[in-house]
Amino acid sequence: QLPHASPRTQRGLGPLRAGAARVALSALSLALLPGISLASGVAASEHLHLGQKVALWFQGLGLPDWAVLACISALPVVELRGGVPVGAWMGLSPAPVLVICVLANMAPIAPLLLALRLDAVKKLMAPLLTRAEKKLAGLPAGQSRWLALALFVGLPAPGTGAYTGAIIAYLLGMSLGESLSAVLAGVLCAASIMTVLTLAGRAGALVALGVLVVGGIGAILSAKDGGGTEEAAESA
């Protein structure tokens, strides 16, 4: 049985390092976002990203588009970060795509949180739990952990989805209700970001990248000042 994260791990590596990690993940996420254009004329078999390949496989099973989208968004790794662009690629309207992706992405989270209480499941998922515990270094402890977890899940970058958020919530010892609400807030944020980026195209993604970088730098500076204040208070 894996214990919860140690107090030293939960304290994190400091606000400055956490902010820098968020900026790096934002840049990596936007660099990996697929350029989706319904009028590009590119054949379906060319330049497909993972979500599109999975969508074609599900379509081969005879599933309707909404069911394909739900299956993709419920899958680990892909989640709604792949589902939202695929919905646009299939020609679906943004509003139903957002609703389907959010509901499908959240569907496995409550069962996962309950399953993590079982020793057999914890042993089976030991590598994932260990990996998730390392991500705790970027999350502050205390009253801000709900917001920190929501922001972590809400950033549509590799390794920050609802599944990882649920595992981190378990390691932090958060209650079921607190965990679900934080993950849901993050999923809604990620879905909104992905919808905007998908509709904006490459130019919009570059603008969003600039905004995220500027915002990340501001968060780093604010966190640095806050960290200095906390250290001064502790020394006093």
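Index from 1, following the sequence.
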Do Phe58 and Leu75 pass the side chain to side chain contact (heavy atoms under 4.5 Å, CB included) test, and can you show the C-alpha distance, the side-chain angles, and the key distance before you say yes or no? CA-CA 12 Å; Phe58 279 120; Leu75 289 175; 4.1 Å; yes

Determine, stepwise, if the pair Arg81 / Ile72 fulfils side chain to side chain contact (heavy atoms under 4.5 Å, CB included). CA-CA 9 Å; Arg81 292 169 298 179; Ile72 291 174; over 6 Å; no

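For the atom pair OG of Ser179 and CG of Leu184, the computed distance is 12.0 Å after rounding to the nearest 0.5 Å. For the atom pair CD1 of Ile100 and CG of Asp65, the computed distance is 9.0 Å after rounding to the nearest 0.5 Å. Taking OH of Tyr170 as the start and CG of Leu113 as the end, the distance is 11.0 Å to the nearest 0.5 Å. One finds the CG atom of Leu149 at 8.5 Å from the CD atom of Glu178 (value rounded to the nearest 0.5 Å). Between Leu180 atom CG and Met174 atom CE the span is 9.5 Å, to the nearest 0.5 Å. The distance from atom CH2 of Trp89 to atom OG1 of Thr198, rounded to the nearest 0.5 Å, is 13.5 Å.
Residues Leu56 and Val97 fall within the same hydrophobic cluster, defined by Ile, Leu, Val, Met, Phe, Trp and Tyr side chains chained together at heavy-atom separations under 4.5 Å. Each of Leu124 and Leu171 belongs to its own hydrophobic cluster when Ile, Leu, Val, Met, Phe, Trp and Tyr are linked at side-chain heavy-atom distances under 4.5 angstrom. Hydrophobic clustering of Ile, Leu, Val, Met, Phe, Trp and Tyr side chains at less than 4.5 Å, counting indirect connections, keeps Val77 apart from Ile167.
Here the side chain of Thr160 pairs a donor or acceptor atom with the backbone of Ala157 at under 3.5 angstrom. Between the side chain of Ser93 and the backbone N or O of Pro96 there is no donor-acceptor pair closer than 3.5 Å. Formation of a donor-acceptor pair under 3.5 Å by the Glu79 side chain with backbone atoms of Asn105 is not found in this model.
Of all non-hydrogen atoms in Gly83 and Leu69, the two that sit nearest each other are O-CD1, 2.9 Å. The shortest heavy-atom contact between Val187 and Met106 is CG2-SD, 3.8 Å. Listed here is the closest heavy atom pair of Ile109 and Ala166: CG2-CB, 3.9 Å. Scanning both residues, Cys101 and Leu80, for their nearest heavy atoms gives CB-CB, 3.8 Å. Between Gly82 and Val86, the shortest heavy-atom distance links the atoms O-CG2, 3.1 Å. Considering all non-hydrogen atoms of both residues, Trp146 and Ala182 come closest at NE1-N, 3.2 Å.
In this structure, Trp57 and Leu63 have side chains that are not in contact, with every pair of non-hydrogen atoms separated by 4.5 Å or more. Contact check for Trp66 versus Leu92: no side-chain heavy atoms found under the 4.5 Å cut-off. Side-chain contact between Leu176 and Arg117: present, with at least one pair of heavy atoms (C-beta onward) separated by less than 4.5 Å.
Of the residues listed (Val102, Val153, Ile193, Val183), the one engaging Leu188 in a side chain to side chain contact (heavy atoms under 4.5 Å, CB included) is Val102, and it is the only one.
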